[in-house]
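Below, chain A is the first sequence line, B the second, and so on; all start at residue 1. What's counted below: heavy atoms across the whole structure, side chains too, no hydrogens, waters or symmetry copies.
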Amino acid sequence: MEFGLLQVWEGGWIGAILRGAAVTIGVGVASMIFGLIIGTICGLIKWRAVFGLSHLVDLYTSVIRGVPELLIIYLLFFGSVEFVTKIATVFGFAELANAGYAFFITVAAISAISGAYSTEVIRGALAAIPKGHIEAAVALGLPSRRIFARIIAPQMLRIAFPGINNVWQTTIKDTALVSVVGLQELMRTAFIGAGSTHNPLIFYTIAALVYLMITLISQVGFNKVEAVLSPRKGA
Amino acid sequence: MELIQLAVPVLLKGLWMTLSLTAISVTIGFNLGLGLAIMRGSDKAWVSGFARYYSIAFRGTPLLVQIFLIYYGLGQIRFVHDVPALWWVVSEGSRCAVLALALNTAAYTSEILRGGLVAVPAGLTEAAKACGMSRAMRFRRIEFPLAIRQALPAYGNELVLMVKGTSLASTITVLEITGYAKRLMSQTFAIFEVFAIAGVLYLALNLVLIGVIRLVERRLMRHTGPAPQTRPVAIPQAS
């Protein structure tokens with residue numbers, strides 16, 4: 001028991017953990033991208049107060065933000081499992097479905113969650129853009145697509161960036177939750193390792209350190225980008 | 001209908017567990033967080049450093065890892081086995097969950113309270129000093145009341161995150177709302193219906209919490225007059 005680290009090394013667990021970390025980052029990045037797409041669309045709908053749709057978006061964000069992530073993952077996973085296996089078996093690729101399925105449903109669940117938080121961030125950023133800028137652009141007769149690309153989007157990005165950083169940090173930590181439904185990511189790998197070597201302390205400590213490294217390194221990256229995006233003093 | 005008759009009493013039993021987990025861990029976590037926030041302002045490098053690294057470690061790792069580390073990991077250490085008080089905590093799921101949740105929320109709470117403490121105008125503290133107030137009295141009468149006003153909206157968000165965080169206790173055999181919901185889902189196969197009932201319970205709980213925080217806020221801000229305040233949009237912070 002004292003030689004936990006040696007066990008980890010000899011059992012080839014280092015490679016497994018690194019593979020798990022890669023899956024975690026993959027799920028995190030994919031969900032963040034989809035989340036930002038959802039967030040931008042829903043944020044614009046809320047900001048413009050599009051009739052009917054904005055109430056739907058309100059319902060979506062308040063349900064997702066008020067209900068535990070784990071419950072949402074259970075809903076999507078158990079709710080779809082039967083449905084998807086049935087379809088896949090009918091078309092004759094049950095094997096394929098099993099492999100990609102956990103990843104797909106995981107990304108769907110985490111995207112839905114990060115999308116709800118991104119919506120609020122982006123709506124807040126849109127609301128912070130000075131009205132005068134948009135009015136000036138309209139007065140100049142710019143087409144609305146160019147107003148969005150030249151006036152709204154750049155300012156939105158800059159104001160929303162710190163909030164997006166927060167959402168990313170949450171998202172990468174939320175990916176740990178999908179280990180309970182069986183995707184072989186970092187947390188799941190640690191769980192399996194802990195079970196088969198009877199050494200949970202060392203495995204969960206390693207997992208914690210890897211998560212810490214992911215969050216700290218991405219934090220440094222985000223800070224760099226933020227420094228670039230922030231308005232230069234005296235310009 | 002039958003399903004509702006079956007599910008609601010079970011999930012209400014879980015609601016009690018969720019409530020007690022939240023209440024106990026928030027009580028412990030708030031006090032720890034307050035201590036850490038004060039430590040952050042200390043002149044001694046190792047005191048403020050400890051508080052800083054504590055906060056980085058707990059905010060940089062998923063709550064699930066912390067729960068598993070405490071529930072599965074700590075039992076391996078001989079020392080924990082030998083001290084009865086520690087073993088009492090580690091040997092049971094709900095006590096582990098409370099410990100993990102309290103340590104986790106302490107990190108977030110310390111950041112929120114520190115933000116409030118930093119925002120206290122230096123002139124007010126100096127005035128209190130000039131009046132001859134002791135350090136403890138200054139903190140109790142001047143700094144803390146001002147800091148908590150500043151920090152309340154963000155702390156409300158943290159409370160909502162804590163309610164949601166208690167759902168992770170279901171992964172270590174504690175039967176609270178999510179734990180019962182998962183069990184009901186696999187027994188009845190009525191996945192969406194069970195989710196809806198459990199979700200409504202969580203939403204109601206969070207709405208009540210936010211309402212209470214709003215009331216406390218209004219009470220603390222009563223000197224500003226009856227005019228409705230323009231508050232910054234509350235965006236829940238990352239957990």
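Neither the backbone nor the side chain of A:Ala194 comes within contact range of chain B; no heavy atom of the residue lies under 4.5 Å from a heavy atom of that chain. Residue B:Ile56 touches chain A through both its backbone and its side chain, counting heavy-atom pairs closer than 4.5 Å. If you measure heavy-atom distances from B:Ser170 to chain A, the contacts under 4.5 Å come from the side chain alone. Residue B:Leu168 touches chain A through both its backbone and its side chain, counting heavy-atom pairs closer than 4.5 Å. Contact annotation for A:Val210: neither backbone nor side-chain heavy atoms come within less than 4.5 Å of a heavy atom of chain B. For chain A, the nearby parts of B:Thr178 are the backbone and the side chain; heavy atoms of each come within less than 4.5 Å. Using a 4.5 Å cut-off between heavy atoms, B:Ala181 touches chain A through its side chain atoms alone.
Annotation: the span from A:Tyr204 atom OH to B:Leu64 atom CG amounts to 8.0 Å, rounded to 0.5 Å. Distance check, rounded to the nearest 0.5 Å: CG of A:Leu75 to CE of B:Met185 gives 6.0 Å. Separating the CE atom in A:Met187 from the OG1 atom in B:Thr61 is a distance of 10.0 Å, to the nearest 0.5 Å. The distance from atom NZ of B:Lys182 to atom CD1 of A:Ile73, rounded to the nearest 0.5 Å, is 11.5 Å.
For B:Arg183, the CZ atom is loosely surrounded, since the number of other residues' heavy atoms within 6.0 Å does not exceed 12. The number of heavy atoms from other shown groups lying within 6.0 Å of OH (A:Tyr60) is above 12. No more than 12 heavy atoms of other residues, nucleotides or ligands sit less than 6.0 Å from atom CZ of A:Phe34.
Residues B:Val65 and A:Ala208 share a closest heavy-atom pair of CG1-CB, 3.7 Å. What you find for A:Leu201 and B:Leu74 is that their closest heavy atoms are CD1-N, 4.3 Å. A pairwise comparison of heavy atoms in A:Lys173 and B:Arg59 identifies NZ-O, 2.7 Å as the closest pair. Closest approach of B:Ala198 and A:Leu71 over heavy atoms only: CB-CD2, 3.7 Å.
Note: A:Phe191 and B:Tyr72 have perpendicular aromatic rings, judged against thresholds of 30 and 60 degrees for the angle between ring planes.
Comparing A:Leu186, A:Leu177, A:Thr205, A:Leu216 by heavy-atom pairs within less than 4.5 Å of chain B, the highest count is held by A:Leu177.
In this structure, B:Ser186 and A:Phe78 have side chains that are not in contact, with every pair of non-hydrogen atoms separated by 4.5 Å or more.
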